[in-house]
S.K.: 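Here it is, the structure in full.
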Amino acid sequence: MTTPTVFRAPGRVNLIGDHTDYTGGLVLPLAIDRYTTLEVTPQVSAIDLASDADTSPVHLALPVTDPESVSPPWGRYVAGVAAELGTSCQGFRGTVSTTLPIGSGLSSSAALEVAVALACGAPREPFALAQLCQRAEQRATGVPCGIMDQLTSVAGVAGHALRIDCHSLEISPVAIPDSARIIVKFIAHRRLASSAYGQRVTECATAERLIGPLRSASLRDVDSIADDVIRRRARHVVSENQRVRDACEALASGDLATVGRLMVDSHVSLRDDYEVSTGEMDEAVKAALSVPGVFGARLTGGGFGGCIVVLADADSPLTVDEVTSWEVHAVNGALSEPHV
Ligand code: GLA
């Protein structure tokens, strides 16, 4: 019997900088020590994958041309990757398992796409790999997502958050001080496909038609937008980019109190100007902020449910239960994994 090859990709949590990537803005995520893992052996002309999280396996004949209609639905991410690779996609059979909570805003789908892409023999150049997986996600879900999740899963750096300029794709790792605890708390399942995510992307495009690229716009430019909703969406993006710049500086100098304050400002902006929070997420952020040693908390990822992220001091009594809350650590991305 052939020994299976293991391909593993991490999820991510975003410290700050949400709903900025699809306008070429700034983000500060980290790849986390929770993974999706494929154990596969090569086969010709088909992908057969069984999941420990879903009773229905995926069977795909290669090449794949219509990923949108694949059943079961989790197979659409696999099919999206295979479709992007076209006739160069290599077949395999095996299993997939994950330690990431699925559909919770920690990029379980990006981790699946990246692990599958490596198993399919995708070229191992980080940006091309992340972009291929981003297109796969867009095809699988119809959501016009940005590059943050896939690029973080591919290119994470242990012990560091990644400042990513989503326009130039420049990645600058920022060390996370040893004294910082990063805790993720699950709030509610969500599907971005049935959310207003796509509408937010369209609203940003409307703002850009009025004042040019949001990544280089100022708050003065934003003030000139007459429409209240479009102005608030643009204000979130422009102010969030500045918060990422400030948070990177503060993190690099070990000033966790400032990072925490910026995280809270980010949550307020996502709640009020961008309207992607929920009452439950607001309550969870408030509750976290009342715990001693907590510097900041905010919704993380696309919103409309998912998780909040909390930044706390090493001495904080904040606890996790490993079922709905986890302490996470920054790890290397999938390309640094020894695939054996
Ligand atoms: C989702 C998308 C990302 C990003 C975040 C919000 O996770 O997949 O591209 O837009 O939402 O920051």
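Start at 1 and go down the list; that is how both ligands and their atoms are numbered.
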S.K.: For the pair Glu275 and Arg233, find out whether any cationic side-chain nitrogen is under 4.0 Å from an anionic carboxylate oxygen.
M.R.: yes
S.K.: With a cut-off of 4.0 Å, which atoms of ligand 1 are near a heavy atom of Leu192?
M.R.: 1 (C)
S.K.: Can you sort out which atoms of ligand 1 are near Arg12, meaning under 4.0 Å from one of its heavy atoms?
M.R.: 7 (O)
S.K.: Which atoms from ligand 1 have a heavy atom of His19 less than 4.0 Å away?
M.R.: 6 (C), 12 (O)
S.K.: May I ask you to identify, for Gln150, whether its side chain, its backbone, both or neither come under 4.0 Å of ligand 1 on a heavy-atom basis?
M.R.: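 No part of Gln150 is near ligand 1 at this cut-off.
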S.K.: Given that the side chain starts at C-beta and the backbone is N, CA, C, O, which of these parts of Asn14 lies under 4.0 Å from ligand 1, counting heavy atoms, or is it both or neither?
M.R.: neither
S.K.: Is the closest N or O pair between Gly17 and ligand 1 shorter than 3.5 Å?
M.R.: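 So ligand 1 has no N or O lying under 3.5 Å from an N or O of Gly17.
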S.K.: Check whether any N or O atom of Tyr22, backbone or side chain, sits under 3.5 Å from an N or O atom of ligand 1, and answer yes or no.
M.R.: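 Such a contact does not occur with ligand 1.
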S.K.: Counting from 1, what ligand 1 atoms have a heavy atom of Asp21 closer than 4.0 Å?
M.R.: 3 (C), 4 (C), 9 (O), 10 (O)
S.K.: Without swapping roles, check the side chain of Asn241 against the backbone of Arg215 for a donor-acceptor pair under 3.5 Å.
M.R.: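 No; zero donor-acceptor contacts below 3.5 Å.
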S.K.: Any heavy-atom pair between the side chains of Pro4 and Thr41 that's under 4.5 Å?
M.R.: yes
S.K.: Judged by atom type as modelled, is there a donor-acceptor pair below 3.5 Å linking the side chain of Ser316 to the main-chain atoms of Asp313?
M.R.: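 No: the side chain of Ser316 does not pair with the backbone of Asp313.
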S.K.: Looking at the rings of Phe92 and Phe7, which for Trp means the six-membered one, are their centres under 6.0 Å apart?
M.R.: no
S.K.: Is it true that Asp282 and Lys286 make a salt bridge, defined as a side-chain N closer than 4.0 Å to a carboxylate O?
M.R.: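 Looking at Lys286 together with Asp282, the answer is no, because their closest N to O distance does not fall below 4.0 Å.
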S.K.: Which of the numbered atoms in ligand 1 are under 4.0 angstrom from any heavy atom belonging to Met148?
M.R.: 4 (C), 5 (C), 12 (O)
S.K.: Indicate yes or no: does Glu240 engage Arg298 in a salt bridge with an N to O separation below 4.0 Å.
M.R.: yes
S.K.: Check Asp246 with Arg243, please: is the shortest side-chain N to carboxylate O separation under 4.0 Å?
M.R.: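 Not counted as a salt bridge, because no side-chain N and carboxylate O are separated by less than 4.0 Å.
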S.K.: Of all the non-hydrogen atoms in the protein, which one sits nearest to atom 10 (O) of ligand 1, and at what distance?
M.R.: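 Its nearest protein heavy-atom neighbour is Tyr197 OH, 2.6 Å.
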S.K.: Could you identify the single nearest non-hydrogen protein atom to atom 8 (O) of ligand 1 and state the distance to 0.1 Å?
M.R.: Asp149 OD2, 2.7 Å
S.K.: For atom 12 (O) of ligand 1, what's the nearest protein heavy-atom neighbour? Residue, atom name and distance, please.
M.R.: Asp18 OD1, 2.5 Å
S.K.: If the cut-off is 4.0 Å to any non-hydrogen atom of Gly146, which atoms of ligand 1 fall inside it?
M.R.: 9 (O)
S.K.: May I ask you to decide if the ring planes of Tyr274 and His19 are parallel, tilted or perpendicular, using 30° and 60° as cut-offs?
M.R.: tilted
